[in-house]
**Q** 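Structure below; questions to follow.
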Amino acid sequence: MSAARAAGLSTSFTELVGIEYPIVQTGMGWVSGPSLTSATSNAGGLGILASATMTYGELEAAIAKTKSLTSKPFGVNMRADATDAPERIDLLIREGVKVASFALAPKPELIKKLKDHGIVVIPSIGAAKHAVKVASWGADAVIVQGGEGGGHTGPVATTLLLPSVLDALAAKDIDMPVVAAGGFFDGRGLAAALAYGAQGVAMGTRFLLTSDSAVPDSVKQEYLQRGLNDTVVSVKVDGMPHRVLRTPLVEALESGSPVKALFAAARNANEFKQMTGMRWTAMLKDGRTMKKSGERTWQQVIMAGNTPMLLKAGLVEGDTRAGVLASGQVVGMIEDLPSCDELIQSIMTQAHERLKTLGSLG
């Protein structure tokens, strides 16, 4: 006889996107494919496909595959600055995708187009003022990621960033669901986020470390062996703060040796060039553009161009020495590889218990 499933938990966010539980699996490049996305959605959460590392054709196939694996709502994470962003948005509209999420908010006209076709728009933000701005542009909800989160992240902890965002929105009388990310992995965290005033939580590393994730088992074991101090926020990977596991490549970049760092950057740039067929002249042209637009060294410019390849080396090809493994600090709290359904049931059971206990206080 199967165990009883955890009761649903309705919030303004679950009602907005049509899911049972207020839990989001974030769009992680090379990780969030149809298998993980559909497994999350089938388990009652919101799965999100990561399309930044996909060509248009690959995204089209991934959406079709995901739809064949689940009838539940799911989302697609996109780069708003992608040259084919308008075409990708048209694809989402044609395929009836429920949610479009963005690391950087798209222009207001693209948000309007998505909303006009019934697609929920959810940017990720890292500052209170950004939440207010995207709300004024028409975004339906925001994901707020604190510094504990993996990948590109900010310096402020979730426990401070989340209330600052909630207060900023309240001050402007903006009623918009806020989803908390960065450091979440269990039902206690969900209960805490709800207590702050969030309407759900989003998790990346915790979903990466499930049996439904396509990341090689050897790489998952590498994550499971790590502790709370085994991640580093590096600006030497691609010029932006990037929380990753300490790997030999990352240690070389962080060592402070400009010779080692430049050698690693040049070597990986050459591998990227060979894999993509990109010419050096094109890479240098892109590099000059990046140099003009920000405070990046040539080493950072070179690395930025092939960061997706470095992530692929680690997360797809399993080369943990030469690759980059994005990870939240929460990696030090994770010890198992449940299915998405087992994970969400565990989180919801614990969350209901914590909320019941809190309700009995006073």
**Q** Just wondering, are more than 12 heavy atoms of other shown residues or ligands nearer than 6.0 Å to CZ in Arg88?
**A** yes
**Q** Run through Thr349, Thr40, Thr210 and flag the one making a side-chain contact (heavy atoms from CB on, under 4.5 Å) with Ile344.
**A** Thr40
**Q** Side chain to side chain contact (heavy atoms under 4.5 Å, CB included) for Tyr196 and Thr159? Distances and angles first, verdict last.
**A** CA-CA 9 Å; Tyr196 270 110; Thr159 50; 3.6 Å; yes
**Q** How long is the gap from CZ on Arg79 to CZ on Phe102, to the nearest 0.5 Å?
**A** 12.5 Å
**Q** In terms of hydrophobic clusters joined by side-chain contacts under 4.5 Å, are Leu49 and Leu69 together?
**A** no
**Q** Are Val144 and Val201 connected into the same hydrophobic cluster when the rule is that any two of I, L, V, M, F, W, Y join if their side-chain heavy atoms are below 4.5 Å apart?
**A**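 Different hydrophobic clusters.
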**Q** For Glu95 and Leu92, indicate whether the former's side chain and the latter's backbone hold a donor-acceptor pair under 3.5 Å.
**A** no
**Q** With no hydrogens and no angle check, do the side chains of Glu15 and Ser10 hold a donor and an acceptor under 3.5 Å apart?
**A**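 Checked: Glu15/Ser10 side chains pair up, N/O donor to acceptor below 3.5 Å.
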**Q** Counting only heavy atoms not in Leu224 (residues, nucleotides, ligands), do more than 12 fall under 6.0 Å from its CG?
**A** yes
**Q** I need the Leu36 CG to Ser339 OG distance, nearest 0.5 Å.
**A** 11.0 Å
**Q** For the side chain of Ser41 and the backbone of Ser38, is there at least one donor-acceptor N/O pair under 3.5 Å apart?
**A** no
**Q** Quick one: do the Glu254 and Ser234 side chains pair a donor with an acceptor below 3.5 Å?
**A**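 Their side chains do contain a donor-acceptor pair, which is all the 3.5 Å distance test asks for.
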**Q** List the steps, then state whether side chain to side chain contact (heavy atoms under 4.5 Å, CB included) holds for Tyr223 with Leu337.
**A** CA-CA 11 Å; Tyr223 275 86; Leu337 298 170; over 6 Å; no
**Q** Looking only at the side chains, is there a donor atom on one of Gln25 and Ser32 sitting less than 3.5 Å from an acceptor on the other?
**A**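 Gln25 vs Ser32: donor-acceptor pair found between side chains.
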**Q** Are Thr158 and Glu148 close enough that a side-chain donor and a side-chain acceptor fall under 3.5 Å?
**A**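 There is such a pair between these side chains.
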**Q** State whether the side chain of Asp230 and the backbone N or O of Gly227 hold a donor-acceptor pair below 3.5 Å, judged by distance alone.
**A**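 Yes, Asp230 side chain to Gly227 backbone: donor-acceptor pair under 3.5 Å.
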**Q** If we ignore hydrogens and angles and just use 3.5 Å, is the side chain of Gln199 paired with the main-chain N or O of Val179 as donor and acceptor?
**A** no
**Q** Got a donor-acceptor contact below 3.5 angstrom from the Ser360 side chain to the Thr357 backbone?
**A** yes
**Q** How long is the gap from NZ on Lys67 to CD1 on Ile63, to the nearest 0.5 Å?
**A**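 Rounded to the nearest 0.5 Å, the NZ-CD1 separation comes out at 8.0 Å.
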**Q** What I want to check is whether the side chains of Arg243 and Thr231 have a donor and an acceptor closer together than 3.5 Å.
**A**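 Side-chain D/A pair, Arg243 to Thr231: present.
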**Q** Hydrophobic cluster membership, with links at side-chain heavy-atom distances under 4.5 Å among I/L/V/M/F/W/Y: are Val142 and Ile48 in one?
**A**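 They do not share one cluster, since no chain of ILVMFWY contacts under 4.5 Å joins Val142 to Ile48.
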**Q** Could you state the interatomic distance from NZ (Lys98) to CG (Leu16), rounded to the nearest 0.5 Å?
**A**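 Rounded to the nearest 0.5 Å, the NZ-CG separation comes out at 7.0 Å.
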**Q** Roughly how far, to the nearest 0.5 Å, is CZ of Phe184 from CE of Met333?
**A**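 Reported to 0.5 Å precision, the distance equals 13.0 Å.
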**Q** Could you point out which residue of Val132, Asp140, Leu169 forms a side-chain contact (heavy atoms from CB on, under 4.5 Å) with Met176?
**A** Leu169
**Q** Between Asp341 and Arg5 (salt bridge meaning N to carboxylate O under 4.0 Å), is one present in this structure?
**A**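 Between Arg5 and Asp341 there is a salt bridge, with a charged N closer than 4.0 Å to a carboxylate O.
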**Q** When hydrophobic residues are tied together by side-chain contacts of less than 4.5 Å, even through go-betweens, does Ile119 share a cluster with Val24?
**A**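 No, no single cluster joins them.
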**Q** Hey, is the main chain of Asp336 close enough, under 3.5 Å, to the side chain of Lys220 for a donor-acceptor pair?
**A**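 Between the backbone of Asp336 and the side chain of Lys220 there is no qualifying donor-acceptor contact (under 3.5 Å).
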**Q** Check for a donor-acceptor pair, side chain of Thr37 on one end and backbone N or O of Pro34 on the other, with a separation under 3.5 Å.
**A** no
**Q** Under 4.5 Å between any side-chain heavy atoms of Val121 and Val134, yes or no?
**A**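 Not in contact.
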**Q** Is it the case that Thr70 and Asn42 place a side-chain donor and acceptor less than 3.5 Å from each other?
**A** yes
**Q** Is it possible for you to say whether Met28 and Val97 belong to one hydrophobic cluster, with membership spreading through side-chain heavy-atom contacts below 4.5 Å?
**A**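 They do not share one cluster, since no chain of ILVMFWY contacts under 4.5 Å joins Met28 to Val97.
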**Q** Is there a donor-acceptor contact under 3.5 Å from the side chain of Ser51 to the main chain of Asn77?
**A**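 A pair under 3.5 Å: yes.
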**Q** Between the main-chain N or O of Leu209 and the side-chain N or O of Ser213, is there a donor-acceptor pair closer than 3.5 Å?
**A**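 No, the answer is negative, given that no donor and acceptor are paired below the 3.5 Å cut-off.
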**Q** With distance as the sole test, does His352 use its side chain to make a donor-acceptor pair with the main-chain N or O of Ala7 at under 3.5 Å?
**A** yes
**Q** Looking at side-chain heavy atoms only, is the closest gap between Leu104 and Pro123 below 4.5 Å?
**A** no
**Q** With a 4.0 Å cut-off, would you call Lys113 and Asp90 a salt bridge?
**A**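 Counted as a salt bridge, because a side-chain N and a carboxylate O are separated by less than 4.0 Å.
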**Q** Give the intermediate values and the outcome of side chain to side chain contact (heavy atoms under 4.5 Å, CB included) for residues Arg321 and Asp319.
**A** CA-CA 6 Å; Arg321 292 188 61 81; Asp319 188 344; 3.8 Å; yes
**Q** In Å and rounded to the nearest 0.5 Å, what is the CG to OG1 distance from Leu46 to Thr14?
**A** 11.0 Å
**Q** Looking at Asn229, I'd like to know if its CG atom is crowded, meaning that more than 12 non-hydrogen atoms belonging to other residues, nucleotides or ligands lie closer than 6.0 Å.
**A** no
